[in-house]
Amino acid sequence: QKEVEQNSGPLSVPEGAIASLNCTYSDRGSQSFFWYRQYSGKSPELIMFIYSNGDKEDGRFTAQLNKASQYVSLLIRDSQPSDSATYLCAVYSGGYNKLIFGAGTRLAVHP
Amino acid sequence: GAGVSQTPSNKVTEKGKYVELRCDPISGHTALYWYRQSLGQGPEFLIYFQGTGAADDSGLPNDRFFAVRPEGSVSTLKIQRTERGDSAVYLCASSLKSAGELFFGEGSRLTVL
């Protein structure tokens with residue numbers, strides 16, 4: 001079992017719809033959870049982080065965390081073509097001092 | 001600019017050669033990470049520095065890989081006797097604290113022929 005699992009996609013949504021990206025992780029000791037966006041040919045950039053169970057909203061983005069289910073999600077409301085990218089889920093376990101990334105989900109928003 | 005700087009952006013080498021990749025982190029960032037990313041995959045952890053010391057090098061694939069950060073700022077990733085399987089984008093990231101909020105450089109694309 002991989003430490004951080006994501007559906008590779010592509011996830012295709014129409015412009016204006018809600019995109020839902022999901023991630024599961026294996027280490028119950030994980031403390032912090034991150035979503036990075038990576039445009040094709042570019043490096044990852046941090047868009048959201050969440051530490052506590054529940055929802056965290058930032059503009060059109062909402063991160064959701066359920067530690068009991070070891071599940072993290074990212075919702076993108078009013079999706080735009082500029083949101084088309086690969087979204088990387090990353091999990092930080094303080095005991096290991098490193099951020100572990102999933103393989104990413106490719107999102108395609110079509111006009 | 002004030003971002004993470006990596007050089008070279010592209011490196012093509014022959015199998016068996018030695019390669020050095022350089023990373024200049026954001027000023028003041030004490031934590032520095034090296035990752036490797038292959039096509040269609042997420043970044044794979046290689047090594048983490050806190051200051052000058054390697055706090056975690058568990059991701060280095062074998063003893064052909066080595067990294068240094070002698071003055072707690074610039075870091076160099078060194079790969080000896082390169083193999084075709086080493087071809088990937090090598091990403092460097094820095095952080096004010098080792099807590100997952102990483103700022104990545106644009107990467108060094110290594111191609112081993």
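Letters A, B, ... are given to chains in the order of the sequence lines, protein chains preceding strands, and every chain is numbered from 1. Please read all numbers here as calculations on a predicted model, not as lab measurements. Basis for what follows: all heavy atoms, side chains included, without hydrogens, waters or symmetry-related copies.
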_Is A:Gln6 close to chain B through its backbone or its side chain, or both, or neither, when contacts mean heavy atoms under 4.5 Å?_
neither
*asked:* Between A:Glu57 and A:Arg77, is the salt bridge (charged side-chain N to carboxylate O under 4.0 Å, His left out) condition met? List the steps.
replied: CA-CA 11 Å; A:Glu57 188 174 318; A:Arg77 288 181 299 282; 3.5 Å; yes
*Test item: side-chain donor near acceptor, B:Gln6 and B:Arg22, under 3.5 Å*: no
*Does any N or O in the side chain of A:Ser73 come within less than 3.5 Å of the main-chain N or O of A:Asn22, such that one atom is a donor and the other an acceptor?*
no
_Whether B:Tyr33 and B:Tyr48 hold their rings parallel, tilted or perpendicular, with breakpoints at 30° and 60°_ = parallel
*Any side-chain donor-acceptor pair under 3.5 Å between B:Ser58 and A:Lys98?*
yes
*Measuring heavy-atom distances to chain B, does A:Tyr36 have an atom under 4.5 Å in its side chain, in its backbone, in both, or in neither?*
side chain
*Taking non-hydrogen atoms and a cut-off under 4.5 angstrom, which of residues 103-113 of chain B neighbour chain A?*
B:Phe104, B:Gly105, B:Glu106
*Go through the atoms of B:Gln37 and report whether side chain, backbone, both or neither lie under 4.5 Å from a heavy atom of chain A.*
side chain
*Would A:Asn66 and A:Gln64 count as having a side-chain donor-acceptor pair, cut-off 3.5 Å?*
no
_I'd like to know if B:Glu83 pairs up with B:Lys17 as an ion pair, taking the criterion as any Lys NZ or Arg NE/NH1/NH2 lying under 4.0 Å from an Asp or Glu carboxylate oxygen._
no
*Centroid separation A:Tyr25 to A:Phe33 less than 6.0 Å*: yes
*Based on non-hydrogen pairs under 4.5 Å, which of A:Lys42, A:Arg106, A:Gln38 is most in contact with chain B?*
A:Gln38
